[in-house]
Amino acid sequence: MRDRVRLTSLAELETTKPKLDAFIAANAAWFNGTKVQASHILLRCEPIAPTADQKAVVEKLKKIAADIKAGTITFEKAAEKFSDCPSGKPVDPAGNPRTPGDLGEFEFSNMVAPFAMKAFNMKVGEVSDIVRTEYGFHIIKVTKRTEGTDKPGEEAQAAAKNCIVSTIESQLFDQAMTTCPIV
């Protein structure tokens, strides 16, 4: 409980209105209607899974990413073979064919913050390093980008706060994996 209060206090310090405004200005594409189309490979892992399990998932995903980079497997074939997400299947639930791993086109607010932050900072054709979300660990490939021109709306403040808090939480999880293993 004490740790939650500390996290809340830190989040309040880092999400003042001036800091949120600066964050929105620095990341305009996240809040102006820009859309990204991306594919991903997800290996599920609970956020509080034992550290050894988390490290094993990360190592497996690193190997998959290395094989993609080396050209021994395509991103799409790797998504079909390894992804724990239903998007990895070559047909959707209605039986229609699709590219394995494809999530379609989405705006920043349609994805969890760590995933969206990574995808929106990538170039078309680029494959990400490993991204941790509440669902597990991902590698992402951006396949299309459509720039937006809208002005950030009122929801941008809440989305920016969510991004900052998610970044803090992710840093704490990463630090815990090395300094305070979960058993």
Side-chain angles (χ1 to χ4, degrees), residues 1 3-4 6-7 10-11 14 27 30 36-93 98-145 159 161-183:
M1 191 148 195
D3 291 339
R4 195 61 170 154
R6 283 189 207 133
L7 177 60
L10 179 58
E14 295 300 318
N27 300 289
W30 299 1
V36 166
Q37 183 167 346
S39 295
H40 78 136
I41 299 169
L42 165 67
L43 297 185
R44 290 198 187 277
C45 188
E46 293 294 321
I48 57 170
T51 300
D53 293 353
Q54 292 185 48
K55 286 182 177 182
V57 168
V58 168
E59 287 306 313
K60 181 177 180 181
L61 205 49
K62 281 181 181 179
K63 168 113 177 55
I64 294 167
D67 289 346
I68 292 167
K69 187 175 183 177
T72 59
I73 192 168
T74 66
F75 193 95
E76 296 73 22
K77 286 289 183 193
E80 183 177 352
K81 185 174 181 180
F82 299 109
S83 186
D84 293 329
C85 181
S87 70
K89 305 303 175 227
V91 293
D92 67 18
R98 68 167 164 213
T99 303
D102 185 25
L103 296 169
E105 194 172 44
F106 53 88
E107 290 188 20
F108 186 87
S109 62
N110 297 124
M111 295 291 171
V112 292
F115 188 97
M117 288 188 290
K118 179 57 81 175
F120 274 72
N121 281 338
M122 295 170 60
K123 296 179 176 110
V124 172
E126 185 177 2
V127 176
S128 74
D129 52 359
I130 296 171
V131 179
R132 173 200 295 270
T133 71
E134 62 203 66
Y135 301 105
F137 296 92
H138 312 251
I139 52 175
I140 304 165
K141 179 180 178 183
V142 172
T143 56
K144 181 180 171 186
R145 183 181 182 94
K161 183 175 183 174
N162 186 33
C163 289
I164 292 168
V165 171
S166 290
T167 300
I168 292 168
E169 288 175 343
S170 183
Q171 290 169 343
L172 290 173
F173 275 119
D174 289 345
Q175 184 179 10
M177 276 182 62
T178 58
T179 61
C180 184
I182 301 169
V183 292

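Since this is a predicted model, take the numbers as computed values, not measurements.
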Visitor: Working to the nearest 0.5 angstrom, can you tell me the gap between Asp67 CG and Thr72 OG1?
Guide: 3.5 Å

Visitor: Please give me the minimum heavy-atom distance between Val142 and Lys123, naming the atom from each residue.
Guide: CB-O, 3.7 Å

Visitor: Looking at Glu76 and Gly101, would you say the former's side chain and the latter's main chain have a donor-acceptor pair under 3.5 Å?
Guide: no

Visitor: Judged by atom type as modelled, is there a donor-acceptor pair below 3.5 Å linking the side chain of Thr167 to the main-chain atoms of Cys163?
Guide: yes

Visitor: Quick one: closest heavy-atom pair of Val131 and Pro114, and the distance?
Guide: CG1-O, 3.7 Å

Visitor: Any side-chain to backbone donor/acceptor pair from Ser39 onto Lys141? Under 3.5 Å, distance only.
Guide: no

Visitor: What are the two closest non-hydrogen atoms of Ser170 and Arg132, and how far apart are they?
Guide: OG-CD, 4.5 Å

Visitor: Once you round to the nearest 0.5 Å, how far does NE2 of His138 lie from CE of Met111?
Guide: 9.5 Å

Visitor: Is there a side-chain contact between Phe115 and Leu103, using heavy atoms and a 4.5 Å cut-off?
Guide: yes

Visitor: Does atom CZ (Phe106) have a neighbourhood of more than 12 heavy atoms from anything else shown, all under 6.0 Å?
Guide: yes

Visitor: Please report the closest heavy-atom contact between Pro100 and Gly88, naming both atoms and the distance.
Guide: CB-O, 3.2 Å

Visitor: To the nearest 0.5 Å, tell me how far Asp129 CG sits from Phe137 CZ.
Guide: 12.5 Å

Visitor: Measure the spacing between CG of Leu43 and CZ of Phe82 and express it to the nearest 0.5 Å.
Guide: 9.0 Å

Visitor: Can any side-chain N or O of Arg145 pair as donor or acceptor with the backbone N or O of Phe120 at less than 3.5 Å?
Guide: yes

Visitor: Quick one: closest heavy-atom pair of Ala79 and His40, and the distance?
Guide: CB-O, 4.0 Å

Visitor: Identify the heavy atoms of Ile64 and Ala78 that sit nearest to each other, and give their distance.
Guide: CG2-CB, 3.9 Å

Visitor: Nearest 0.5 angstrom please: Gln54 CD to Glu59 CD, how far?
Guide: 13.0 Å

Visitor: Does Ile130 form a side-chain contact (heavy atoms from CB on, under 4.5 Å) with Ile139? I'd like the steps, not just the answer.
Guide: CA-CA 5 Å; Ile130 296 171; Ile139 52 175; 4.1 Å; yes

Visitor: Is a side-chain donor or acceptor of Thr143 paired with a backbone partner of Gln37 at a separation under 3.5 angstrom?
Guide: yes

Visitor: Nearest 0.5 Å, what's the NZ-CD1 distance between Lys63 and Ile68?
Guide: 10.5 Å

Visitor: Taking atom CD as the centre, does Glu46 end up with more than 12 heavy-atom neighbours from other residues, nucleotides or ligands that are less than 6.0 angstrom away?
Guide: no

Visitor: Kindly indicate, with the supporting measurements, whether the criterion side-chain contact (heavy atoms from CB on, under 4.5 Å) is fulfilled by Val57 and Asp53.
Guide: CA-CA 6 Å; Val57 168; Asp53 293 353; 5.7 Å; no

